[in-house]
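Every value quoted in this text rests on a predicted model; they were computed, and no experiment measured them. A note on names: the letters A, B, ... follow the listed sequences, proteins ahead of strands, and every chain is numbered from 1.
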2 protein chains.
Amino acid sequence: MDKQLATTIFESLASGVRLDVFRLLVKNAPSGLVAGEIATLLALPPTNLSFHLKALTQSGLLSVVQEGRYQRYRANLPIMQELIAYLTAECCTGHPEQCFDGDSASGCCDTEPSIQSTQADSYNL
Amino acid sequence: MDKQLATTIFESLASGVRLDVFRLLVKNAPSGLVAGEIATLLALPPTNLSFHLKALTQSGLLSVVQEGRYQRYRANLPIMQELIAYLTAECCTGHPEQCFDGDSASGCCDTEPSIQSTQADSYNL
DNA sequence: TTAATAGTTCAATAATTGTTGTATAGTTGA
DNA sequence: TCAACTATACAACAATTATTGAACTATTAA
């Protein structure tokens, strides 16, 4: 997971239509749906749906296989987990235990710590 | 977490600049950084950074507190966890055990199951 | 009080993304 | 082969988002 891919994935889900499509295919995992079914269920013109399916597929969020004249789309769930790992990989300067306690993230960064330095001398890139 | 919020969050991260800002603040959690530090580190004009910080804050990904003449920004990590839960809540028609085995998602939907029905009679909205 | 600093808002412009109809390519069944 | 069907590619247009400089508000220090 690099920055370019992460941005592409977020762009892919940054549309109401594409978010609907992806969630519909998550619901219908692992069998997936063919394009026409998606168009019917979401009441979308075929050209518009095709535009969004292309974006989702190119970002890796969907996979597609041909079945005769149909195109069957499936959601790629693991990529979402990789995305989260990418976002939180260097959480808290490599000390994620400050943020996450096991499976729960409820302890992370939602507290307001006292101000430590008004003028930072060294940053944390 | 509703659709509108989810879309807004994805839109917020669907920009290279905003993704850089958010990850920088994840790294620098929980102390956060003030706007000028972010601008310096990412080499962004103040107006442009302000534009993106506003988007990130309005979506809830960042919190901001005033410190004198400074504005300190912090990443809101838990919202990301809520977002993932939203995306996978109805995974596999309410049978996520088909997809996720405990903490790992590696088993989910990355296999290509044999085609079950070419023409679906009932959908799964 | 005055000058300097930090950050935002606003307006204009540039750039990107979304939507639609028409045309096209591939598949199926008569 | 031919007509119907599924889906995508293309082009034109509409709509949204990103970027920048100038002006403005608030805070700090002299």
Side-chain angles (χ1 to χ4, degrees), chain A residues 3-4 6-22 24-25 32-59 61-74 115 117-121 123, chain B residues 3-4 7-22 24-25 31-59 61-74 115 117-121 123:
Chain A
K3 176 184 165 182
Q4 177 56 54
T7 304
T8 302
I9 292 172
F10 284 125
E11 281 174 357
S12 293
L13 294 171
S15 143
V17 170
R18 290 194 295 268
L19 186 56
D20 283 342
V21 170
F22 184 74
L24 179 62
L25 289 171
L33 294 172
V34 300
E37 292 171 341
I38 301 170
T40 300
L41 289 166
L42 300 180
L44 292 171
T47 49
N48 191 14
L49 176 62
S50 189
F51 171 81
H52 291 297
L53 286 174
K54 186 179 179 182
L56 285 162
T57 304
Q58 288 184 341
S59 72
L61 282 167
L62 301 186
S63 63
V64 57
V65 293
Q66 185 166 356
E67 291 180 5
R69 71 181 110 175
Y70 301 87
Q71 300 288 325
R72 179 167 294 270
Y73 288 89
R74 293 187 174 90
I115 295 156
S117 64
T118 304
Q119 188 157 356
D121 301 314
Y123 301 128
Chain B
K3 177 184 165 183
Q4 177 56 53
T7 303
T8 302
I9 292 173
F10 284 125
E11 281 174 356
S12 293
L13 294 171
S15 142
V17 171
R18 290 194 294 268
L19 186 56
D20 283 342
V21 170
F22 184 73
L24 180 61
L25 290 171
S31 60
L33 294 171
V34 301
E37 293 171 340
I38 300 169
T40 299
L41 289 165
L42 300 180
L44 292 171
T47 48
N48 192 13
L49 176 61
S50 189
F51 171 81
H52 290 297
L53 285 174
K54 186 177 179 183
L56 285 162
T57 304
Q58 288 184 338
S59 72
L61 282 166
L62 301 185
S63 64
V64 57
V65 292
Q66 184 165 356
E67 291 179 7
R69 72 179 110 174
Y70 301 86
Q71 301 288 326
R72 180 167 294 269
Y73 287 89
R74 293 187 174 89
I115 294 154
S117 63
T118 304
Q119 188 159 355
D121 300 314
Y123 302 125

Whole-Å gap separating C1' (C:dG18) and NZ (A:K54):
14 Å
B:V64 versus B:L53: any side-chain heavy-atom pair under 4.5 Å?
no
Euclidean distance, atom CG of residue A:L33 to atom C1' of D:dA7 [Å, nearest integer]:
15 Å
Which salt bridge (Lys or Arg N to Asp or Glu O under 4.0 Å) pairs, counting each pair once, include a residue from residues 42-59 of chain B, with sequence neighbours left out?
none
Quickly work out the A:Y73 OH to D:dA7 C1' distance and round it to whole Å.
8 Å
When you measure from the side chain of A:Q58 to the backbone of A:A55, do you find a donor-acceptor pair of N or O atoms at a distance under 3.5 Å?
no
Pairwise N/O distances under 3.5 Å, protein to nucleotides 28-30 of chain C:
residue, atom, partner, partner atom, Å
C:dT28, O4', A:R69, NH2, 3.2

Kindly list each side-chain donor-acceptor pair under 3.5 angstrom involving residues 7-17 of chain A, sequence neighbours excluded, with atom names and distances?
residue, atom, partner, partner atom, Å
A:T7, OG1, A:K3, O, 2.9
A:T8, OG1, A:Q4, O, 2.8
A:T8, OG1, A:Q4, NE2, 3.1
A:S12, OG, A:T8, O, 2.9
A:S12, OG, A:S59, OG, 3.0
A:S15, OG, A:V17, N, 3.2
A:S15, OG, A:R18, N, 3.2

Within residues 44-52 of chain B, those residues having any heavy atom closer than 4.0 Å to DNA chain C are B:P46, B:T47, B:S50
Starting the side chain at C-beta, find the nucleotide from C:dG7, D:dA18, D:dA7 nearest to B:R18.
D:dA18
Within this structure, what is the CG-to-P distance between A:L42 and D:dA7, rounded to whole angstrom?
13 Å
Do B:R74 side-chain atoms and B:L33 backbone N/O form a donor-acceptor pair below 3.5 Å?
no
Less than 4.5 Å apart, side chain to side chain, heavy atoms only: is that true for A:L25 and A:V21?
yes
Tell me: CG of A:D20 to P of C:dT19, nearest whole Å?
11 Å
Looking only at heavy atoms, what is the nearest atom pair of A:L49 and A:A35, with distance?
CD2-O, 3.3 Å
Sub-4.5 Å side-chain heavy-atom contact between A:T57 and A:Y73:
yes
Measure the CD-CD distance between B:Q71 and B:E37 for me, rounded to the nearest 0.5 Å.
12.5 Å
First of B:A35 and A:V17 reached from the 5' end of DNA chain C, by closest nucleotide
B:A35
Nearest-Å distance, CD (A:E37) to C1' (D:dC5)?
15 Å
Here the side-chain hydrogen bond (donor to acceptor under 3.5 Å, both in side chains) pairs for residues 41-51 of chain A, sequence neighbours left out, are A:N48-A:H52
Can you tell me if A:Q66 touches the phosphate of C:dT27, counting only side-chain N or O atoms and a distance under 4.0 Å to OP1 or OP2?
yes
Would you kindly give the CG-to-P distance between B:L56 and C:dT8, to the nearest whole Å?
12 Å
Which atom of B:L61 lies closest to which atom of B:F22, heavy atoms considered:
O-CE1, 3.5 Å
Taking five pairs at each end of the helix from C:dT1-D:dA30 to C:dA30-D:dT1, what angle separates the two helix axes (nearest 10°)?
30°
Measure CD/B:E11 against P/D:dA15 and give the value in whole Å, please.
17 Å
